[in-house]
Every structure is written in structure tokens, then in C-alpha cells.
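For reference, the structure is listed below as C-alpha cells.
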2 protein chains.
Amino acid sequence: MSEVLKSNNKTSELQTATNFQFANSVDCVIFAYDGRVLKVLLIESDLPDYKGQCSLLGDLLRPDEDLAEASHRVLSEKVGLTNVFLEQVKSFGSFKRHPSGRVITTAYLALVNIKDVQLNKMGNALSWHAVSKINSMAFDHKLILDTCLQVLQRKIQEEPIIFNLLEKRFSLRDLQLLFEQILGIEFDRRNFRKKLFTTGLLTDVGEMEKDVKHRPGKLYTFNHEAYEQIKKKSFVGILF
Amino acid sequence: MSEVLKSNNKTSELQTATNFQFANSVDCVIFAYDGRVLKVLLIESDLPDYKGQCSLLGDLLRPDEDLAEASHRVLSEKVGLTNVFLEQVKSFGSFKRHPSGRVITTAYLALVNIKDVQLNKMGNALSWHAVSKINSMAFDHKLILDTCLQVLQRKIQEEPIIFNLLEKRFSLRDLQLLFEQILGIEFDRRNFRKKLFTTGLLTDVGEMEKDVKHRPGKLYTFNHEAYEQIKKKSFVGILF
DNA sequence: ACAAAAGTGTTGCTGGTACACCCATGT
DNA sequence: ACATGGGTGTACCAGCAACACTTTTGT
């Protein structure tokens, strides 16, 4: 082991250029819901190694930007979206994960409304893929996707982030179907309604669905203010 | 914006050395319990910028190792521990977080048994600090510590990782005090016992505490096998 | 009229919380 | 005997799950 690596801190090593041999990137797992299934936005790889395979949208980290900034930049530059729900999930640093060199990537979970994305404007190789149908991807991106899907499944049960996937106004049916899609289970309609109402997070906007070929349902919005109030109350429910 | 950064993937850029100007590190937030309060293992910084302040134990990522490997190496080389509970928490990539250059660090949560750590053997600047007493640290390490503490608080309620902080055999009192320390709340003793017993994760080892100046309590171990069985049953409890 | 989904209430069970008394050990 | 904490049981309440019928709209 070199002396350099034995030191208490990193100063001595940082002065040497030999340690600056890493590239860092962010990769965004951009989820959306088309009303039927959960989808993820991918780009076709043009690397020879991964001919025809898809990869996540990402980019190299710039010298002057933060990880979070980089993830927002990817959404902005490559998808044309700002003010997106973005949350860091995990970093992947296997030294063989990228064919062209040592790249450490940090995965971000993005939840967008599918109607906000205009693929024709962003052109070319971007497309939505049903999450359940994806078998292989470029690099280790399938692993990253799976990891983010699991995090999504956990998080929608802990925080009301699922609303980022719906339009401002939605029916209870929309909401339930989306929960069921993501979690892969079904709920009793009546109990689901009761539970959601008792959270106090849904505001009845006083309008109804239109253009449905059955009795139209009421439309709701997510009540941010109510959630901010509720959040303060501590959550404790010891159990593994 | 350069053409290079507009490309669909990262190949072209990776070939150039200009993108390999980052250093990556891991920093371990090593928690332990001394029977009274939650502690974290820190090292005194010898950087002039951070004279007298403490920092987490970390090291630069080597060209040939994974992030997880690096975190285990830190525990092994600097604390003399192997087979430690280690879990990635978050990466921190602010471009001004390190005075000597651009370092992206990935924080790991480590849970160890305090008796396994022999500070005298590791020598010098390592020491345990009560988590609640720490006001400032070198770099952005206070932020990292706070983040990891929050993750710890959440995780001990979701998974039985708390046992990593106790000895193999422990009394219910030990376990309850530790929960209370970490979460900063108190539990009713009788309800706590019932709840833990109903999980089926505690095995009565048929022995009692010794050297206590009151009625000795039974000792238990964590039942890994039972947990593996239980884990299979899916957890769903929609609520935010 | 029929199909499709909206909307609504009750009951039983389970799990959480609040709470009080007796027991074993060391001093 | 006293102090300290171990060990146990009960009663109430809230939240969840299971379950069926009526209503509204479009075709």
C-alpha cells in the first residue's frame, strides 16, 4: 500500500493528478404513466458494443456543477423539462461498468407527467418503454432501472410523490390504477377510496371526468398545503 | 455548449482526458452504541483549513475497486473490522465541498459493535463522539452525518439492522434503550416487549444478564433465519 | 336494456396504546 | 427493607380487510 493512501485525509493525494482519473456522470430513470402502464424514457445507444440496446438519459458531470444540478440539466437539455421531481437514488461505481473508461454514475429517479414530454421536439432516438417489458439495456442500466423501480415502489407508500406522474386533476380510478401498476398488486376499490380520503390530501375540484363511456368520476387535486402540515407530525411505527 | 456534450452517449467524451478530472472517495459514517448513547467514529483532521475539527473515515476510490469495496477497505484498514454492516446512503458532489479539488464522495452507513473496535490498535487520531454533541465537522461531513442519521432512524424501523449495534446476546432493555436513543423518543416497556416478541425475531438463549444490580433480564439473540422467512411476505401498507 | 364503472356502509378482526401489579436481585 | 428494573395481562380504540348494492352515464 502506498504511503499516500495511508494518510489520515486526502490532501496530499489531491495535489497529485494521478487521482483525478475518474469521470462522473448522472443517469436519470425517468418514469411516466400513459394511463395504462408505467413507462421509462430511454435513448437508443449508438455505441458499437451496445448496438440496438437502450440506455438511460444521462450526461457527464461538469467541473462546475453539483450532482443535483447535472440531473436537472439532463432533464432540461434532453427532455425539455424543468421543475421535475428528481431524487438521488444510488451511485454505481463498478470499475467495469463502462467500456470506455472508469465512470462513476449517480442514478436519479425522475417522475414526470407524460404529456409534458414532446418527443418530436426532442427528436431522434428517445422513446417510452413499458417498464415490465424491458429485458436488457446498455451498460449496467438494467440494474440501475431495477434499483430505481424498487425505490419507487417503496417511496410511493411513504410519501405522496405518485402525484407527479398524474395530471393536476385526476380521478380516484386513475390514482388507484397507477398504484396497482407500480406495486403490481390490486386494491379493493372501496377501501382504497376511504384510505385516500382519510389522508386529507385530496381536494375535490368540483368537476367530473369527460369523454368516458361510463358514469364519470369526480376529479381531485393533490393538496400540497395539507401535506406540509401533516409532515410535521412525526412518523414512528417500529416494525421491521 | 460543446458538441461533445450534446452527443447521445458518452463515448466520444471519454476518449478525451479532460473529463477525467474528478476524484471519487467514500466516507463511512460508523455508528456504535456504548450502552448509553449513539456514537460515531471520527478522525481528527490535520488539514490547516480544518484545524482541530473532525472528519469521517474515508479514502479515495482506487482505479480498480468498486464503491462498496472501497467502503469495506476503509473499515478494514482504518478500523480493523471485516464483515461489517455497510450500506450506501448518498453521494455528495458539490464542487466546492473539498478545498483541494473536485472530489465526489459517496457516504456509507456502517453499524458496528463498539467492543469490536480496538482504538489503541488503530492508534492516534480516532475517537468516538456522541452523535448528539457534534456541532461542526470538516468539509461537509456534518451534513453527511446528519443525512446518515436520518437514514438510520428510518431504516431501523423498516429492517432489523439495529442488532448490528448490539452484542450477539442482549436484553430487551438494551434493545429498547438503543431504539430510544436513536429515535429520540420513549416507548412503553410492556408494549415494546409485546411488539418485539410478536415479530418472532428474538430467540431466548436461556441465559440471564450478569453483574447488574437489579433483577437480571433474559438474554436474546436475533433470529436471522426467521427474518429470511418473513422477508418473503410482501410489505404493502399504502399510506404516505 | 345493457355495460361499465362511480359511489356508499357495516362488520369483524387485528394491532396499538394506556395502564398496574407482582417478582427477583443487589445493597 | 428498600431500590431498581424484570416480567406479565387487560381493556379500549383505531385502522384495515372483506364484502354487496344502488346510481349514473354512454351505447
Side-chain angles (χ1 to χ4, degrees), chain A residues 35-36 156-158 160 166-167 169-181 183-221 230 233-240, chain B residues 33 35-36 156-158 160 166-167 169-181 183-221 226 230 233-240:
Chain A
R36 303 181 60 82
I156 60 171
Q157 299 179 62
E158 296 175 351
L166 294 170
E167 300 198 61
R169 300 152 172 212
F170 51 85
S171 68
L172 269 171
R173 169 153 235 262
D174 295 331
L175 184 58
Q176 182 175 349
L177 283 174
L178 180 50
F179 263 113
E180 293 177 340
Q181 270 300 311
L183 297 176
I185 55 176
E186 297 194 350
F187 297 107
D188 180 272
R189 219 178 74 250
R190 297 159 287 191
N191 293 336
F192 180 83
R193 296 171 148 268
K194 251 178 297 178
K195 193 150 177 180
L196 266 291
F197 286 144
T198 57
T199 64
L201 296 177
L202 298 185
T203 303
D204 184 338
V205 296
E207 290 181 54
M208 309 292 269
E209 288 180 296
K210 287 190 171 143
D211 304 319
V212 289
K213 48 180 181 292
H214 57 266
R215 173 174 176 179
K218 288 186 179 181
L219 295 179
Y220 300 88
T221 55
I230 291 168
K233 296 167 192 165
S234 68
F235 141 75
V236 174
I238 285 194
L239 218 148
F240 307 120
Chain B
Y33 179 58
R36 304 181 60 82
I156 59 171
Q157 299 180 60
E158 297 176 350
L166 293 170
E167 300 197 61
R169 301 153 170 209
F170 50 85
S171 69
L172 270 172
R173 168 152 236 262
D174 295 331
L175 184 57
Q176 181 175 349
L177 284 175
L178 180 49
F179 263 112
E180 293 177 340
Q181 269 301 310
L183 297 176
I185 55 176
E186 297 193 349
F187 297 107
D188 180 272
R189 217 178 76 250
R190 295 158 290 191
N191 294 335
F192 180 83
R193 296 165 82 81
K194 251 179 298 178
K195 191 150 179 181
L196 267 291
F197 286 144
T198 56
T199 64
L201 296 177
L202 298 186
T203 304
D204 184 339
V205 297
E207 291 181 55
M208 310 293 267
E209 288 180 295
K210 287 187 172 147
D211 304 319
V212 288
K213 50 179 180 294
H214 57 265
R215 172 175 176 179
K218 289 185 178 182
L219 295 179
Y220 300 88
T221 55
I230 291 167
K233 295 168 193 164
S234 67
F235 140 75
V236 174
I238 284 193
L239 217 148
F240 307 120

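Because the structure is predicted, anything quoted here is derived from the model rather than measured.
By the 4.5 Å heavy-atom criterion applied to side chains, A:L177 and A:R173 are counted as neighbours.
Atom CZ of B:F192 and atom P of D:dG6 are 12 Å apart (whole Å). When the C1' atom of D:dG6 is taken as reference, atom CG of B:L219 falls 12 Å away, rounded to whole Å. As rounded to whole Å, 11 Å separates atom C1' of D:dA20 from atom CZ of A:R189. Between the P atom of C:dA18 and the CZ atom of B:R193 lies a distance of 18 Å, rounded to the nearest Å. Atom C1' of nucleotide C:dA5 and atom CG of A:D211 are separated by 16 Å, given to the nearest angstrom. Between the CD atom of B:E207 and the C1' atom of D:dG6 there is a distance of 17 Å, given to the nearest Å. Put simply, OH on B:Y220 is 11 Å from P on D:dG6, counting in whole angstrom units. Residue B:K218 contributes atom NZ, which lies 12 Å from atom P of C:dA24 at whole-angstrom precision.
Note on B:R173: only backbone sugar-phosphate atoms sit closer than 4.0 angstrom, heavy atoms only; bases stay farther off.
The aromatic rings of B:F192 and B:F179 sit perpendicular, their planes meeting at an angle over 60°, well past the 30° parallel limit.
Atom NZ of A:K195 is separated from atom CG of A:D188 by 11.5 Å, given to the nearest 0.5 angstrom. We find the CD-OG1 distance between B:E207 and B:T221 to be 10.5 Å, quoted to the nearest 0.5 Å. The CG atom of B:D174 sits 11.5 Å away from atom OH of B:Y220, with the distance rounded to the nearest 0.5 Å.
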Heteroatom pairs (N/O) under 3.5 angstrom, protein to nucleotides 10-16 of chain C:
unit_1 : atom_1 : unit_2 : atom_2 : d
C:dT10 : O4     : A:K194 : NZ     : 3.0

Nucleotides 24-26 of chain D: which of its N/O atoms have a protein N/O under 3.5 Å away?
unit_1 : atom_1 : unit_2 : atom_2 : d
D:dT24 : O4'    : A:R215 : NE     : 3.4

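Shown here is A:K218, whose NZ atom has no more than 12 heavy atoms of other residues, nucleotides or ligands within 6.0 Å. Residue A:E180 qualifies as enclosed at atom CD: its count of foreign heavy atoms under 6.0 Å is above 12. Annotation: A:E186, atom CD; neighbour count of heavy atoms from other residues, nucleotides and ligands within 6.0 Å does not exceed 12.
Comparing B:E209 and B:D188 along DNA chain D, the residue whose closest nucleotide (by nearest heavy atom) sits nearer the 5' end is B:E209.
Not counting sequence neighbours, B:R189 has no partner by the side chain to side chain donor-acceptor pair (under 3.5 Å) test.
Phosphate contact (OP1/OP2 of C:dG7, side-chain N/O of A:R190, threshold under 4.0 Å): absent.
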